[in-house]
Student: 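Below is a structure I'd like to ask you about.
Read the numbers this way: they start at 1 and go in the same order the structure lists the ligands and their atoms.
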Amino acid sequence: MYKATLEYAQQLDKEDKLSYLRDQFHIPKDKEGNDWLYFTGNSLGLQPKQTQQYIQQELDDWAKYGVEGHFEAKNPWMPYHEFLTEKMATIVGAKPLEVVIMNTLTTNLHLLMVSFYQPTKTKFKIVIESDAFPSDRYAVQSQLKFHGFDPEEGLIEWRPREGEELLRIEDLEQIVSEQGDQIALLLIGGVNYYTGQYLDLKRIAEIGHAKDCFVGIDLAHGAGNISPELHESGVDFAAWCTYKYLNSGPGSLAGLFVHEKHAYNKELPRFAGWWNHNKETRFNMRQPFDVMAGGEGWQLSNPPILSMAAIRSSLDLFDKVGMAALREKSERLTGYFEFLVNQIDTDRIKVITPSNPKERGCQLSIQVKNADKSLHHKLTEKNVITDWREPDVIRCAPVPMYNSFEDVFRMVEILKGLL
Ligand SMILES: *Cc1c(COP(=O)(O)O)cnc(C)c1O
């Protein structure tokens with residue numbers, strides 16, 4: 001069993017085979033030079049030290065070769081996105097064919113809905129979680145409007161029961177069994193950004209497909225945090241950003257997954273550009289459009305190499321360590337965090353994230369009574385970086401790549417002091 005002492009936390013760090021990784025990241029510091037207690041890797045992951053060299057390489061090759069860098073650069077820019085695909089696919093449990101890195105998350109959701117939201121007069125509704133991230137909500141509302149539907153009528157919210165915070169899969173099942181004939185699409189956050197609840201993607205896919213609905217997953221809070229086994233889950237599509245748990249820098253590019261079962265379907269409606277045209281004939285210029293198979297078939301433009309260099313740096317780290325080892329540490333790290341928080345004798349806070357490690361990633365969402373936001377401000381004053389999400393939650397994500405058991409211990413000591 002865990003112990004609530006600094007010595008014990010330090011002992012856990014000594015036994016942690018991944019503790020060497022912390023040194024490979026830039027940890028922000030306060031004015032006195034002490035490391036911040038950084039718990040917002042779910043919002044913006046920290047910078048791997050090696051990222052600078054990866055970006056510098058492309059700047060140097062651009063200086064040296066100009067346009068010829070597309071072929072002559074050490075990592076030629078023409079196929080650059082392909083260097084990322086396999087490692088990204090491994091992280092989310094997909095086949096390389098199914099994955100591509102392009103654009104940003106909300107943009108990818110829209111491009112995917114061009115293909116997988118095909119409403120008819122009677123089957124046009126979209127299901128989201130009631131606590132969906134605002135961008136996802138706005139995206140589906142605007143899709144409904146774009147297709148001529150009233151978002152009020154077209155949007156179905158899967159919500160927690162009265163007095164509960166978490167979603168129950170049987171409630172989704174009921175929504176879809178009752179209204180499935182009118183539902184065209186389920187678009188669900190695989191790990192909810194607010195509660196940290198990790199949902200059963202395979203069940204969601206089965207529930208949707210039983211009523212001929214397409215099923216899409218937003219994995220913004222899943223990629224690099226949990227192992228979602230996307231291919232196995234059978235969902236039709238997914239998208240995620242890489243600046244949260246995947247540590248690739250502010251506003252960096254996003255991932256896209258389209259299940260293999262759709263990889264060769266050239267009839268799917270989609271938008272086109274030269275980058276989803278067959279790469280063999282792309283530069284013959286006057287060809288009729290010939291869409292590529294798989295995830296690459298959703299690209300439009302040639303991608304920003306500097307952002308991809310940062311992603312490449314991060315994926316190389318993930319590849320070295322492996323999601324299995326990261327998950328193992330993560331379960332222990334968050335388990336210890338939960339143990340310590342639960343030891344605080346107070347009724348002012350409550351952890352709303354599921355306590356079953358299989359139903360969460362690393363984040364714990366701490367609900368604060370009477371939505372007292374001052375608690376979050378005071379944590380920040382003490383260099384504990386967490387975030388506040390309206391209406392009443394402090395989100396804290398101990399990230400296995402760079403957070404330590406000692407970080408968690410110190411954080412909870414400060415929290416306890418403030419309460
Ligand atoms: C972070 C996040 C976004 C952000 O979208 P961008 O297009 O990258 O700005 C969208 N949806 C969810 C669920 C998120 O967690």
Student: With distance as the sole test, does S314 use its side chain to make a donor-acceptor pair with the main-chain N or O of S248 at under 3.5 Å?
Tutor: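 Such a contact is absent between S314 side chain and S248 backbone.
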Student: What are the polar N/O contacts of ligand 1 with the protein below 3.5 Å, with distances?
Tutor:
residue  : atom   : partner : partner atom : Å
ligand 1 : 5 (O)  : T106    : OG1          : 3.3
ligand 1 : 7 (O)  : T106    : N            : 2.9
ligand 1 : 7 (O)  : T106    : OG1          : 2.6
ligand 1 : 8 (O)  : Y243    : OH           : 2.5
ligand 1 : 11 (N) : D136    : OD1          : 2.6
ligand 1 : 11 (N) : D218    : OD2          : 3.2
ligand 1 : 15 (O) : H221    : NE2          : 3.1
ligand 1 : 15 (O) : K244    : NZ           : 2.5

Student: Could you tell me whether N356 atom CG has more than 12 heavy atoms of other residues or ligands within 6.0 Å of it?
Tutor: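 Count over threshold, so yes.
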Student: K329: which residues meet the side-chain hydrogen bond (donor to acceptor under 3.5 Å, both in side chains) condition with it, sequence neighbours left out?
Tutor: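 In terms of side-chain hydrogen bond (donor to acceptor under 3.5 Å, both in side chains), with neighbours along the sequence ignored, K329 is linked to D16.
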Student: Which atom names give the shortest non-hydrogen contact between V393 and Q367, and what distance separates them?
Tutor: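 That would be CG2-CA, 4.0 Å.
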Student: Between E157 and R137, does at least one N-O distance fall below 4.0 Å, as a salt bridge requires?
Tutor: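 Yes, E157 and R137 are salt-bridged.
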Student: Is any side-chain N of the basic residue among E331 and K358 closer than 4.0 Å to the acidic one's carboxylate O?
Tutor: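 So E331 pairs with K358 through a salt bridge.
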